[in-house]
Amino acid sequence: MLWERGDPNPNRLPPPTAGEMLSVAEHFLEQQMHPTVIIGAYRKALDDMIHVLKKISTPVDVNNREMMLKIIKSAINTKAINRWSELACSIALDAVRTVELEENGRKEIDIKKYAKVEKIPGGFSEDSCVLRGIMVNKDVTHPRMRRLIKNPRIVLLDCSLEYKKGESQTDIEITREEDFARILQMEEEYIQQICEDLLRVKPDLVITEKGISDLAQHYLMRANISAVRRVRKTDNNRIARACGARIVSRTDELREEDVGTGAGLFEVKKIGDEYFAFITDCKDPKACTIVLRGASKEILAEVERNLQDAMQVCRNVLVDPQLVPGGGAAEMAVSHALTEKSKGMTGVEQWPYRAVAQALEVIPRTLIQNCGASTIRVLTSLRAKHTQEGSQTWGVNGESGALADMKELGVWEPLAVKLQTYKTAVEVSMQYNPGWNGSSVNVLHVRSVGRGDSLHYVWSSIGAPAVLLVATRSPSSALSIDWSRLLSPAPAGAVWIEPPGSVVYAAAVVFTKLFEYSKADASEEVFYPTYDLSDFSWDSINRTVNHTALTAELRGVPTSDPSGSFSNGSLAFRVTAYESGGRDGALPGLLHTANSSKVEFVLAGAAPRGNGSRFVLEVAAVEGRGAASRLRSTRSIDDEYTPTIFETLSLVAESRNDSSALSFLQWKATAYGSQ
């Protein structure tokens with residue numbers, strides 16, 4: 001079975017188009033029409049929908065500030081922030097423009113990482129602004145350190161300026177008083193040395209993610225250097241991008257090029273009862289802080305949600321500067337074009353094709369229902385309007401329920417979002433081998449389309465369970481399978497990606513064996529016969545696929561089970577495509593985010609063969625030529641969303657021709673302080 005999934009904007013809930021597409025298809029399945037006929041008609045309709053949308057789209061001059069503000073305003077007109085819409089639109093546009101970065105012809109706008117919203121209760125909403133730099137909720141560590149520095153030289157660290165403690169518990173036995181004095185002296189010398197390393201590059205401001213001891217503060221204060229400690233990793237990254245500094249892990253590795261000189265002003269201000277450090281007037285900041293003021297935390301939270309919507313709209317338009325009319329106008333224009341084309345079609349394929357046109361009318365119909373207007377009368381009038389020449393921008397007024405020209409109302413939608421909505425609604429298909437009856441032949445394909453790339457996760461239960469992970473530079477790359485070759489004794493080359501030149505990185509992960517062992521005593525481990533996963537019998541995945549939740553389960557039992565351990569149990573791999581309905585623009589990060597494709601290994605109901613048995617899953621990773629792989633371990637004690645300590649393991653591929661590292665295979669190995 002093949003299962004494909006597009007990538008809608010993670011910050012938008014998909015409209016009911018996808019559900020309506022499935023609903024109208026149900027009628028044809030009941031009439032015994034083959035699924036491949038329906039899918040073929042849907043794919044034809046998708047190609048024609050994309051063509052019509054591009055035809056009716058309007059190009060936007062992204063350098064025209066007035067036009068951009070109008071587009072953003074249409075996204076927040078009905079929200080709580082509407083009262084301050086002009087200010088909110090300016091803030092959204094300035095913030096997105098600040099973080100916009102273009103490298104090697106590719107535009108990157110990462111709002112989540114580099115446009116931080118800081119909510120400060122109190123003051124007036126009109127006091128909200130976008131800083132040309134960064135603000136953090138911190139004060140300098142020593143009261144005599146400078147709180148105002150012009151054109152500061154900034155050093156960023158992710159190491160502590162404290163005496164390094166041992167990794168494990170250490171006991172020192174001292175018999176002489178001189179030895180105790182020597183130990184204290186060594187600690188002082190170590191602190192003095194790291195401070196001298198800092199003084200060598202003549203900084204005005206030192207910012208670290210870890211702690212600063214009292215002695216280090218003393219040395220820095222005497223050198224007229226201000227210091228800020230325990231800054232979040234995410235804030236440190238933003239400061240680095242804003243002022244041009246590099247984050248350094250060891251003070252003895254500091255170089256002149258690591259010092260940030262792009263900021264014009266460092267200032268500490270007291271707002272309410274708290275101190276805030278401002279690094280502003282940056283020359284070319286590619287990161288910013290949005291300061292929101294308001295009467296209460298609840299109001300600020302609502303304003304932030306509305307502002308995020310505005311920034312997403314602005315980002316989408318900057319990435320793809322094309323607009324289509326909103327208010328159901330685009331859907332009716334596409335529906336009319338498909339209906340007209342279906343009249344010239346022959347054969348049974350014309351009916352599913354025409355049903356797609358009918359399904360698109362769900363958007364204007366829902367808008368009319370929400371306004372309390374007469375659905376039949378208004379929808380009939382809108383159909384008639386779209387038969388007239390030059391009426392493609394006519395839709396439903398969301399407030400009155402009457403027909404209106406969306407061009408005059410100024411209601412527009414980004415073409416990129418609309419295209420992705422249609423692709424997501426249609427791009428769900430199944431491919432199987434009709435001549436093979438074995439249930440163990442399962443192939444599950446998760447395909448996620450980004451702005452300029454695609455990710456493919458291909459799961460298989462043929463032999464040992466395995467997943468092929470492929471990243472491509474093309475948003476239209478496709479998977480092809482030669483089933484005859486795949487099921488033959490020589491399956492090499494049976495799975496490939498088109499176009500082949502679009503593949504950036506590929507890796508295969510094979511789950512080979514399941515070990516069971518128990519500790520008979522403290523010094524001895526007893527291993528039981530190993531379960532070879534290639535000898536398992538796997539259920540058909542068709543019974544566990546959930547197209548709504550985008551989940552599936554590969555479940556199997558050993559073909560030979562002399563001990564009867566699996567008589568009431570099973571082993572399963574639960575695959576989740578993308579929990580939030582889409583992935584981020586960049587490759588997925590840690591597996592605890594909702595925008596990552598992930599797998600859970602589940603051993604349920606199996607009877608252990610020993611007292612207190614433990615199980616170990618063996619995993620083999622294979623990578624393509626030209627990539628040097630390594631296992632990278634990262635520990636964090638300051639995650640922005642869940643403040644716990646955890647260790648993440650990543651399989652990192654470094655191309656021999658390119659210094660950049662690529663990894664989208666990661667897993668959380670340990671966690672402390674949370675389930």
Side-chain angles (χ1 to χ4, degrees), residues 4 6-9 12 14-15 17-18 21 40-64 67-68 70-71 74-75 105-107 109 312-342 344-345 353-354 356-364 382 385-395 405-407 410-427 447 449-454 473-478 499 502 582 585:
E4 297 183 356
D7 176 27
N9 186 326
R12 271 174 93 94
T17 320
M21 294 275 187
Y42 272 31
R43 286 200 175 278
K44 271 187 190 173
L46 176 61
D47 293 339
D48 292 336
M49 283 192 285
I50 292 170
H51 175 72
V52 174
L53 275 178
K54 288 180 178 176
K55 188 178 173 184
I56 66 171
S57 65
T58 306
V60 181
D61 180 9
V62 293
N63 296 315
N64 184 339
M67 182 64 182
M68 288 295 292
K70 277 184 183 176
I71 295 165
S74 71
R106 180 168 176 171
K107 194 174 284 188
I109 306 173
Q312 290 294 344
V313 169
C314 183
R315 175 192 173 278
N316 288 332
V317 174
L318 286 175
V319 171
D320 188 0
Q322 299 273 335
L323 297 176
V324 291
E331 281 77 14
M332 285 306 296
V334 174
S335 176
H336 175 68
L338 293 183
T339 304
E340 289 301 307
K341 186 168 181 179
S342 69
M345 294 175 71
Y353 185 94
R354 194 172 293 176
V356 173
Q358 177 193 334
L360 289 172
E361 292 185 356
V362 70
I363 299 296
L382 189 58
K385 191 74 181 174
H386 274 264
T387 59
Q388 300 172 13
E389 194 68 33
S391 299
Q392 292 170 330
T393 57
W394 279 76
D405 190 345
M406 295 297 113
K407 188 187 271 187
V411 179
W412 299 94
E413 288 189 69
L415 173 65
V417 173
K418 189 65 75 177
L419 281 175
Q420 199 55 59
T421 303
Y422 286 1
K423 286 179 183 177
T424 305
V426 174
E427 209 164 18
R447 176 172 177 258
V449 181
R451 293 286 178 201
D453 63 3
S454 295
R473 285 197 185 92
S474 169
S476 58
S477 61
S502 65

Original post:
Please walk me through it: do M49 and V356 pass side-chain contact (heavy atoms from CB on, under 4.5 Å)?
Top reply: CA-CA 10 Å; M49 283 192 285; V356 173; 4.0 Å; yes
Original post:
Is there a donor-acceptor pair closer than 3.5 Å between any side-chain N or O of H336 and the backbone N or O of T387?
Top reply: no
Subject >> Least distance between heavy atoms, V62 atom then P321 atom >> reply: CG1-CB, 3.6 Å
Original post:
What heavy-atom pair brings A333 and I56 nearest, and what distance separates the two atoms?
Top reply: CB-CD1, 4.0 Å
Original post:
Atom CG in N316, atom NZ in K418: separation rounded to 0.5 Å?
Top reply: 12.5 Å
Original post:
Are side-chain heavy atoms of E331 and E361 found at a separation under 4.5 Å?
Top reply: no
**OP:** Could I get the full list of side-chain hydrogen bond (donor to acceptor under 3.5 Å, both in side chains) partners for Q358, not counting sequence neighbours?
**Re:** none
Original post:
Which pair of non-hydrogen atoms, one from M68 and one from L318, has the smallest distance, and what is that distance?
Top reply: CE-CD2, 4.0 Å
**OP:** Locate the shortest heavy-atom distance separating T339 from A357; write the atom from each residue and the value.
**Re:** OG1-CB, 3.5 Å
Original post:
Once you round to the nearest 0.5 Å, how far does CD of E389 lie from CD of Q392?
Top reply: 7.5 Å
Original post:
side-chain hydrogen bond (donor to acceptor under 3.5 Å, both in side chains) with S335: which residues, sequence neighbours excluded?
Top reply: none
Subject >> Residue pairs, two or more places apart or on separate chains, that pass side-chain hydrogen bond (donor to acceptor under 3.5 Å, both in side chains) and touch residues 44-57 >> reply: K44-E349, D48-K341, D48-Y353, S57-Q322
Subject >> For the student: nearest non-hydrogen atoms of M406 and A329, plus distance >> reply: CG-CB, 4.1 Å
**OP:** Please assess L338 against L360 for the test side-chain contact (heavy atoms from CB on, under 4.5 Å), listing each intermediate value before the final yes or no.
**Re:** CA-CA 10 Å; L338 293 183; L360 289 172; 4.1 Å; yes
Subject >> Result of checking V60, V324, V317, L323 against W412 for side-chain contact (heavy atoms from CB on, under 4.5 Å) >> reply: L323
Original post:
If you take all heavy atoms of A337 and V52, which pair is closest and at what distance?
Top reply: CB-CG2, 3.7 Å
